[in-house]
S.K.: 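The structure's right below; bear with me while I get my questions together.
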Amino acid sequence: MKKHLNFELLLPLFVTVVALVLHKTIPNNKDILYRNYNYFSNLLIILIIIFSVLIIVAKFNTKIKKTYTYKSRLIAGAIFLLCIYNLITLKFNLIPEVYFPYPDKVINVFFRDYKLLLKCLLHSLRLLFTGVISGGIAGIITGVCVGWSKKLNYWLAPLVKFIGPIPATIWIPIALVVFPTSFGASAFIVALSMWFPTSLMTSSGIQNLEKSYFEVAKTLGSPNYYQLLRIAIPGALPSIFTGFFNGITSSFITLITAEMIGVKYGIGWYVNWQREVMSFANVYAGLIVIGVMCSLVLTIMFRVRDKLLTWQKGVINW
Amino acid sequence: MAKGGYKLVGCIEDIKSGSLEAIGVSKIFTSVDGNEVVALSEMNFKINPGEFVSLIGPSGCGKTTLLRLIAGLDKPSSGKILLDGNEIKSTSYERGLVFQNPKLYPWLTIYENIAFGLKARRVFNKDNNEVVYFIDLIGLRGFEKSYPHHISGGMAQRVALARALINHPKVLLLDEPLGALDAFTRINMQDEIIRIWKERKTTMVMVTHDVDEAIYMSDRIFVMTPRPAKVEKIIEVNLDRPRNRDSSDFINLRNEILRIMKF
């Protein structure tokens, strides 16, 4: 058992060393125009240092050891794939270089083009947060109205059902006319794609709550507003978060599409533009930025949910 | 009445109140296919302040319907129910209700669940409140910050009792409060409810399926029959407390009730 654990601890380090050795020893394919980049080898060296430090730290900290041991195969697998990719592009030129640039070339983009990438990222994030927050708030308000009040349900539920399923991107031309700025227009359609899942899940979360929760509250002397604040909304919160996650995922899609269609700047715009000029290393760099951005936003959301829904632990497995 | 230094808030001054009177109460439900189902027909009875009454009978005889009418969750189709002479028109904290399933709010801690009624009525005072007193009363000291899924079914039912009792209801309605518990917990809880009832002098109306439970706990037992759903017979239980389940009087009463229920 102990030996097994040691093996897992060493695995990422081992794979990285192998990748570095292969990168350094195998000659580059002569058809590929290779400038003397050191990015990939430097990256591997940095990783080797990090993994070595982690192995030492793990000797003293059991918590880090446990996490690192658990994740080690995943990390090693990712580096292994990167190594294979490096071999089939730079070393053996097995796939067309134009569409599949070798790792050094992609990393190079981050160093060469970081100013524009950062500008685009900030622009996208600003748009995303404006849209997601306003759409989320509007979604909760609509959802509470539909789920809580019978009168408002009568008017609002059909509206939500009608507008909701229309893909938000279809509104782009109209939004561009209605809103004075293209930022406002794209924020609106991002908000729209966040709004529908949030309002739907909020209202169904409230409607699916057991009736007896409210009956008990009534016999305890609870006025209506108190039932809304202390029963309906907290009870629907797990469902509201499901709506958030669906909403954010479709917001990402809407955001990138909006940027590809009309909005200047933003990561989607960057990727689209670089694709048109056939510089695929930049496209991949942009994709990496999008991936990291989206998963970071989702991770933050998950943290917030875990914090707010501690009461659920043990009730539902996640 | 204050115990352990806690001043009781939201307390009903006149502890002698809590009498219930039903005058010609009927409840008719219309089912989906348009048929009318008589859940209760022409019911008349009186319950005295501080009395412990059990409603017993086969399922479908309208026990729970009656309880919901007293709670104010449903309205009678005809007739009326009076609490201390005033007609019951809607729900009120004066009439607490405990379901078979505790129905604690899973997103609130045990403390917050018990404090719910006080907070909802805006009489909660952080520095001087009875929540701690009630947590002691139900023997759950140390569980204040736990969430409902951390505690057992028996504990949860005790929390549900405390949650209803903290409002000092004139009447406490118990809808098969112990039905979901195992035999051992059940017997303990029966004693616990009796203890709380003696201390608080609340009028209790309990629905139960269990004849022994009804005899063990009640002052009077309303034996109900279905079709037409009405009180067939009212049985006085004149046994000394704590009651002995093996005494001959107890067994005679049990046989009498079972005989009536067979009709």
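Residue numbering restarts at 1 for every chain, and letters A, B, ... go by the order of the sequence lines.
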S.K.: Atom OG1 in A:T219, atom CD1 in B:I70: separation rounded to 0.5 Å?
M.R.: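 Answer rounded to 0.5 Å: 13.0 Å.
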S.K.: So, for B:F116 and A:L220, which heavy atoms are closest and what is the spacing to 0.1 Å?
M.R.: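 Of all heavy-atom pairs spanning B:F116 and A:L220, the closest is CD2-CD1, 3.7 Å.
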S.K.: Report the C-alpha separation of A:E215 and B:R68 in whole Å, then their side-chain angles, then the decisive distance to 0.1 Å, and conclude whether the salt bridge (charged side-chain N to carboxylate O under 4.0 Å, His left out) test is met.
M.R.: CA-CA 10 Å; A:E215 290 180 345; B:R68 289 179 63 88; 2.8 Å; yes
S.K.: Counting heavy-atom pairs closer than 4.5 Å to chain B, which one of A:L229, A:L237, A:I231 comes out on top?
M.R.: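 Option with the greatest count: A:I231.
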S.K.: Do A:R230 and B:E112 meet the salt-bridge criterion of a basic N to acidic O distance under 4.0 Å?
M.R.: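 No, no charged N to carboxylate O under 4.0 Å.
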S.K.: Can you run down the salt bridge (Lys or Arg N to Asp or Glu O under 4.0 Å) pairs that involve residues 136-163 of chain A, sequence neighbours left out, and say none if there aren't any?
M.R.: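 Applying salt bridge (Lys or Arg N to Asp or Glu O under 4.0 Å) to every pair that reaches into residues 136-163 of chain A, excluding sequence neighbours, yields nothing.
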S.K.: Not counting sequence neighbours, which residues clear ring-ring contact (aromatic ring centres under 6.0 Å, His included) with B:W107? List them please.
M.R.: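 Applying ring-ring contact (aromatic ring centres under 6.0 Å, His included) to B:W107 gives A:Y213, A:W311, B:Y105.
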S.K.: Might you point out which heavy atoms bring B:R121 and A:G221 nearest each other, and give the distance in Å?
M.R.: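 So the minimum-distance heavy-atom pair works out to CG-O, 3.6 Å.
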S.K.: Give me the atom names and distance for the closest heavy-atom approach of A:V216 to B:R163.
M.R.: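 In terms of heavy atoms, the two residues are closest at CG1-NH2, 3.3 Å.
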S.K.: Quick one: of B:S92, B:A71, B:S90, who has the most non-hydrogen atom pairs under 4.5 Å with chain A?
M.R.: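 Counting heavy-atom pairs under 4.5 Å, the top option is B:S92.
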S.K.: Between B:L173 and chain A, with a heavy-atom cut-off of 4.5 Å, which part of the residue counts as in contact: side chain, backbone, both or neither?
M.R.: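 Looking at B:L173, nothing touches chain A.
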S.K.: Once rounded to the nearest 0.5 Å, what's the spacing between atom NZ of B:K119 and atom OH of A:Y226?
M.R.: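 So the gap between those two atoms works out to 6.0 Å.
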S.K.: Given a strict heavy-atom distance threshold of 4.5 Å, which part of A:Q227 is in contact with chain B: side chain, backbone, both, or neither?
M.R.: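 Nothing of A:Q227, per the 4.5 Å heavy-atom cut-off to chain B.
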S.K.: What heavy-atom pair brings B:A120 and A:P223 nearest, and what distance separates the two atoms?
M.R.: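 Shortest heavy-atom contact: O-CD, 3.3 Å.
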S.K.: Tell me whether the count of non-hydrogen atoms from other residues, nucleotides or ligands lying under 6.0 Å of OH in A:Y154 goes above 12.
M.R.: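 Result for OH/A:Y154: open.
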S.K.: Where do B:Y147 and A:Q312 land on the side-chain contact (heavy atoms from CB on, under 4.5 Å) test, with the steps shown first?
M.R.: CA-CA 9 Å; B:Y147 284 98; A:Q312 251 202 339; over 6 Å; no
S.K.: Where on B:L73 is there a heavy atom nearer than 4.5 Å to chain A: the side chain, the backbone, both, or neither?
M.R.: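 For B:L73, the contact with chain A is made by the side chain alone.
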